Amino acid sequence: MQDTSSLYAFLVVGGLLSITPGPNMIYVISRSIAQGRRAGLTSLGGVIVGYLFYLFGAAFGITAFFKTQAHAAQILSACGALYMAWLGWNAVRPGGRSPLEIRDQLPQEAAGKLFAMGATTSLLNPKLALIFLTLLPQFIDETQGQVLQQSLLYGGLLISMFALANACMAIFSGSMARFLARKPSWLLAQRMLMGLTLLALSLEMALNALG
C-alpha cells in the first residue's frame, strides 16, 4: 500500500514533467500542426512504445540497483537533482523557445510512417531514461519491499500523465499555437514558472541526497 502523501507528491511532480517540452512533445505538436489531430495522435501511439520500453528497463534496473548498492537512494537523488536543474535552466535561459512556436512546414506522411517515426523519436530520447531512473526511486519505499511492483506502479502513472499531456497537445496544439502567437508574454510566463519550479525541485532532491 503506497503512502497517500507520497502518491500525491508524485502526481504533482509527474504532472509538471509531463507538460515540460521535450523531443517527444515537440514531435507530436509539429505533426499535429502540420498534418492535423489524427496525425498527432498516431505519432503519439509510436511515442508510447518508447515510454513502455524505458519503463520496464528502468523498473528492473532500479530493482537491481537497490539490491546491490547500500546508498542507492542517495546516488539516484543526486543524479535526479542534476537532471532537474538542467531542465529548469533550459526553461529559464535566455533564448528559450516554446514548442508551440514551430514555424517549419513538414511533409505529409502516411499513418504507418508517423507511428514509426514517433517510436524512433521516443526510443532515441535519452531524457526518458533519465526521468525514469532518477524520479521513480524518490518515491519508492525500500522498507515495504516489492521494489519492482512499486517501480511499475509509479512508472505506469507517469506514462499515463505523459500520454494524456501529449494527447491534449495533439488535439489542441493548432488552436493554441494561433492563440499564443498573439500573446508572447504568456509563453514567457509559462516558461519562467515551469523553470523555477523545476529548479526548486532539484534543490530539494539535492538536499535529500546530502541527507
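Everything quoted here is computed from the prediction, not taken from an experiment.
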Give, for atom [atom1] of [X] and atom [atom2] of [Y], the distance between the pair rounded to the nearest 0.5 Å.
X	Y	atom1	atom2	result
Asn24	Ile29	CG	CD1	11.0 Å
Lys113	Thr120	NZ	OG1	10.5 Å
Trp89	Leu199	CH2	CG	9.5 Å
Leu152	Phe60	CG	CZ	6.5 Å
Ile19	Met25	CD1	CE	7.5 Å
Leu158	Leu17	CG	CG	7.0 Å

Task: side-chain hydrogen bond (donor to acceptor under 3.5 Å, both in side chains) pairs, two or more places apart, involving residues 39-48 - done: none
- [ ] For the pair Phe139 and Phe10, name the ring-plane relationship: parallel under 30°, tilted 30 to 60°, perpendicular over 60°.
- [x] perpendicular
Which atom names give the shortest non-hydrogen contact between [X] and [Y], and what distance separates them?
X	Y	value
Ser18	Met161	CB-O, 3.6 Å
Glu109	Gln35	O-NE2, 2.6 Å
Leu114	Ala39	CD1-CB, 3.6 Å
Gly50	Ser122	CA-OG, 3.2 Å

TODO: Indicate if Val28 and Leu52 have the same hydrophobic cluster label, given that clusters are the connected sets of ILVMFWY residues with side-chain heavy-atom separations under 4.5 angstrom.
DONE: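 Val28 clusters together with Leu52.
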Open item on the list: Please say yes or no: joined through hydrophobic side-chain contacts below 4.5 Å, possibly via intermediate residues, are Leu11 and Phe132 part of one cluster?
Closed with: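 As far as the 4.5 Å side-chain criterion goes, Phe132 and Leu11 are connected within one cluster.
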Task: Residues clustering with Phe115 (ILVMFWY side chains joined when closer than 4.5 Å, directly or via others) - done: Val49
Just distance, no hydrogens or angles: give the donor-acceptor pairs under 3.5 Å from side chains in residues 163-171, sequence neighbours left out.
{"from": "Asn166", "atom 1": "ND2", "to": "Tyr51", "atom 2": "OH", "distance (Å)": "3.2"}
{"from": "Asn166", "atom 1": "ND2", "to": "Phe162", "atom 2": "O", "distance (Å)": "2.8"}

